[in-house]
Peer 1: 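The structure follows.
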Amino acid sequence: MTNTAAALTGDYRDMNRLMSLMTGDEKHGPAATSTLDALWVLYDRVLRVTPGTADAPGRDRFLLSKGHGPMAYYAVLAAHGFFGEELLSGFGTYDSPLGHHPDRTLAPGIEIGSGSLGHGLPLAVGSVLGLRAQGLNDPRVWVLIGDAELDEGSNHEALAYAGPAGLEQLHTVVIDNASASYGRPGGIAARFEAAGWSVDSVDGRDHEALYAAFTAPHPGRPRAVVARVAPKN
């Protein structure tokens, strides 16, 4: 697979319209909107996966660990052609493939079923190890987690392993909207740095800053980007 990003089939300016198609209760709106900008930059400019390569062994993998607020994820996938936008209006209904938590067996482009906190980063570590075991050293694995997920011990076990193991194919985006119950000395970035990761902290609404952080070289180390997101008024 080449180093080119997925071809654009939508426009960021269309995101509000696409997200407005998803109605009903239990939308977890703030959880979704806090991820929108990071997801857009990843799918528009960084991830090497398209609808046509969604099952290709050499594709990049994206894992949404923050699966309890998938509206932005669905909107971005629809905008990039993974499925038709007509599915969005059925979000959360009985016979819709777009549930309140994403399901990899129901909708194209989704790599994991998620929503239970603390699962995505361990799955991403396992995905990198699985790719290495197959001799696939080019595909990258990206996982998006929420800051509150760092209250879960499974994430700390995964990040403590990934740094010393030199999992360069692993990339973690942490959406920091100050929702965690427990603080960490020095903040989130310091926790990853202490485990040997390459780390950057950026404004989670700034597309250029996100792109620069997502594409910065990090030879021999996993990469973590802490995206600080203030709630929208």
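Predicted, not measured: the structure shown is a model, and the values here were computed from it. Heavy atoms only: backbone and side chains are in, while hydrogens, waters and symmetry mates are out.
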Peer 1: Would the distance check show the side chain of R221 and the main-chain N or O of H218 forming a donor-acceptor pair, the cut-off being under 3.5 Å?
Peer 2: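 Flag not set: sc R221 to bb H218 has no pair under 3.5 Å.
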Peer 1: Do W40 and H207 come close enough that some side-chain heavy atom pair is under 4.5 Å?
Peer 2: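 W40 reaches H207 side chain to side chain.
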Peer 1: Kindly indicate whether the side chain of R61, heavy atoms from C-beta on, has any atom under 4.5 Å from the side chain of L131.
Peer 2: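 Yes - at least one pair of side-chain heavy atoms lies under 4.5 Å apart.
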Peer 1: Give a yes or no answer on whether the side chain of Q169 reaches the backbone of L136 with a donor-acceptor pair at less than 3.5 Å.
Peer 2: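 Yes, the answer is positive, given that a donor and an acceptor are paired below the 3.5 Å cut-off.
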Peer 1: Using the rule given for side chain to side chain contact (heavy atoms under 4.5 Å, CB included), can you reason through I175 versus D147, listing the C-alpha separation, both sets of side-chain angles and the distance that settles it, and then say yes or no?
Peer 2: CA-CA 6 Å; I175 301 297; D147 58 332; over 6 Å; no
Peer 1: For the residue pair A195 and A160, what are the closest heavy atoms and their distance?
Peer 2: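 Nearest heavy atoms, A195 then A160: CB-CA, 4.2 Å.
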Peer 1: Might you point out which heavy atoms bring A79 and L18 nearest each other, and give the distance in Å?
Peer 2: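 Answer, listing the atom of A79 first, then L18: CB-CD1, 3.9 Å.
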Peer 1: Which one of L47, V76, D44 satisfies the side-chain contact (heavy atoms from CB on, under 4.5 Å) criterion with L39?
Peer 2: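 With L39 as partner, side-chain contact (heavy atoms from CB on, under 4.5 Å) holds for just one option, V76.
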Peer 1: Looking only at heavy atoms, which two atoms of E149 and G118 are closest? And how far apart?
Peer 2: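 Heavy atoms only, the tightest pair is OE1-N, 2.9 Å.
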Peer 1: Is the shortest heavy-atom distance from the side chain of H171 to the side chain of V143 under 4.5 Å?
Peer 2: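 Counting from C-beta outward, H171 and V143 never come under 4.5 Å.
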Peer 1: Would you please say whether a donor-acceptor pair under 3.5 Å links the side chains of R223 and S198?
Peer 2: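 Note: R223 and S198 side chains meet the donor-acceptor criterion.
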Peer 1: Would you call D176-R228 a salt bridge at under 4.0 Å N-O?
Peer 2: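 A salt bridge is absent here (no side-chain N lies under 4.0 Å from a carboxylate O).
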Peer 1: Could I get the full list of side chain to side chain donor-acceptor pair (under 3.5 Å) partners for E152, not counting sequence neighbours?
Peer 2: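 Scan of E152 (side chain to side chain donor-acceptor pair (under 3.5 Å), adjacent residues dropped) gives none.
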Peer 1: Where do S65 and L121 come nearest, in terms of heavy atoms and distance?
Peer 2: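 Heavy-atom minimum between the residues: OG-N, 4.4 Å.
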Peer 1: Spell out, yes or no, whether L117 and I145 are grouped together once hydrophobic residues are joined by side-chain heavy atoms under 4.5 Å, including indirect joins.
Peer 2: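 No; tracing contacts between hydrophobic side chains, which count when under 4.5 Å, never links both residues.
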Peer 1: How far does CG of L77 sit from CG of L87, to the nearest 0.5 angstrom?
Peer 2: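 L77 atom CG to L87 atom CG measures 11.0 Å (nearest 0.5 Å).
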Peer 1: Quick one, T215 with V46, criterion side chain to side chain contact (heavy atoms under 4.5 Å, CB included). Give me CA distance, side-chain angles, the key distance, then yes/no.
Peer 2: CA-CA 7 Å; T215 57; V46 178; 4.3 Å; yes
Peer 1: Counting only heavy atoms not in R132 (residues, nucleotides, ligands), do more than 12 fall under 6.0 Å from its CZ?
Peer 2: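 Yes - once you tally the heavy atoms of other residues, nucleotides and ligands closer than 6.0 Å, there are more than 12.
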Peer 1: Mind checking salt bridge (Lys or Arg N to Asp or Glu O under 4.0 Å) for E168 and listing every partner two or more places apart, or none if nothing turns up?
Peer 2: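 E168 satisfies salt bridge (Lys or Arg N to Asp or Glu O under 4.0 Å) with no other residue.
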Peer 1: When Y43 is tested against each of F62, Y12, Y211 for ring-ring contact (aromatic ring centres under 6.0 Å, His included), which residue passes?
Peer 2: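 Exactly one candidate clears the test, F62.
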Peer 1: Do L88 and F83 have side chains that get closer than 4.5 Å, going by heavy atoms?
Peer 2: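 Yes, side chains in contact.
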Peer 1: For the CD atom of E111 and the CH2 atom of W142, what is their distance to the nearest 0.5 Å?
Peer 2: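 So the CD of E111 and the CH2 of W142 are separated by 14.5 Å.
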Peer 1: Going by side chain to side chain contact (heavy atoms under 4.5 Å, CB included), name the residues that satisfy it together with E208, two or more places apart in sequence or in a different chain.
Peer 2: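 E208: side chain to side chain contact (heavy atoms under 4.5 Å, CB included) contacts with R45, D206.
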Peer 1: Between V225 and F214, is any pair of side-chain heavy atoms under 4.5 Å apart?
Peer 2: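 SC-SC contact between V225 and F214 confirmed.
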Peer 1: In the structure I gave you, are the side-chain heavy atoms of P122 and Y161 within less than 4.5 Å of one another anywhere?
Peer 2: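 Sidechains of Y161 and P122: no contact.
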Peer 1: Determine, stepwise, if the pair L159 / L150 fulfils side chain to side chain contact (heavy atoms under 4.5 Å, CB included).
Peer 2: CA-CA 10 Å; L159 73 88; L150 292 174; 4.3 Å; yes
Peer 1: Taking the basic N atoms (NZ, or NE/NH1/NH2) and the acidic carboxylate oxygens, is any pair closer than 4.0 Å for D11 and R13?
Peer 2: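 Salt bridge between D11 and R13, a charged N being under 4.0 Å from a carboxylate O: yes.
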Peer 1: Hey, could you give me the NE2/OG distance between H101 and S114, rounded to the nearest 0.5 Å?
Peer 2: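 Reported to 0.5 Å precision, the distance equals 7.5 Å.
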Peer 1: Kindly give the heavy-atom pair with the smallest separation between L63 and G120, and that separation in Å.
Peer 2: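 Scanning both residues completely, I find the closest heavy atoms to be CD1-O, 4.0 Å.
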Peer 1: Looking at T53, is its backbone amide N or carbonyl O close enough to the side chain of T50 to form a donor-acceptor pair, meaning the two atoms are under 3.5 Å apart?
Peer 2: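 Present.
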Peer 1: I need the M71 CE to T35 OG1 distance, nearest 0.5 Å.
Peer 2: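 One gets 10.0 Å once the value is rounded to the nearest 0.5 Å.
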Peer 1: With a 6.0 Å cut-off (strictly less than), is the heavy-atom count around CG of N137, excluding the residue itself, greater than 12?
Peer 2: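 Yes, CG of N137 has more than 12 neighbouring heavy atoms, counting only those of other groups under 6.0 Å.
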Peer 1: Can you name the nearest heavy-atom pair linking P102 to Y73, along with the distance?
Peer 2: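 Scanning both residues completely, I find the closest heavy atoms to be CB-CE2, 4.3 Å.
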Peer 1: Donor-acceptor pair, D60 side chain versus R140 backbone, under 3.5 Å?
Peer 2: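 A pair under 3.5 Å: yes.
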Peer 1: Go through the steps for V202 and V226 under the test side chain to side chain contact (heavy atoms under 4.5 Å, CB included), then give the verdict.
Peer 2: CA-CA 6 Å; V202 299; V226 181; over 6 Å; no
Peer 1: Indicate yes or no: at least one non-hydrogen side-chain atom of T172 is less than 4.5 angstrom from one of W197.
Peer 2: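 Answer yes - side chains close enough.
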Peer 1: Using a 4.5 Å cut-off on heavy atoms from C-beta on, say whether the side chain of I112 contacts that of L64.
Peer 2: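 With C-beta onward as the side chain, the pair stays apart.
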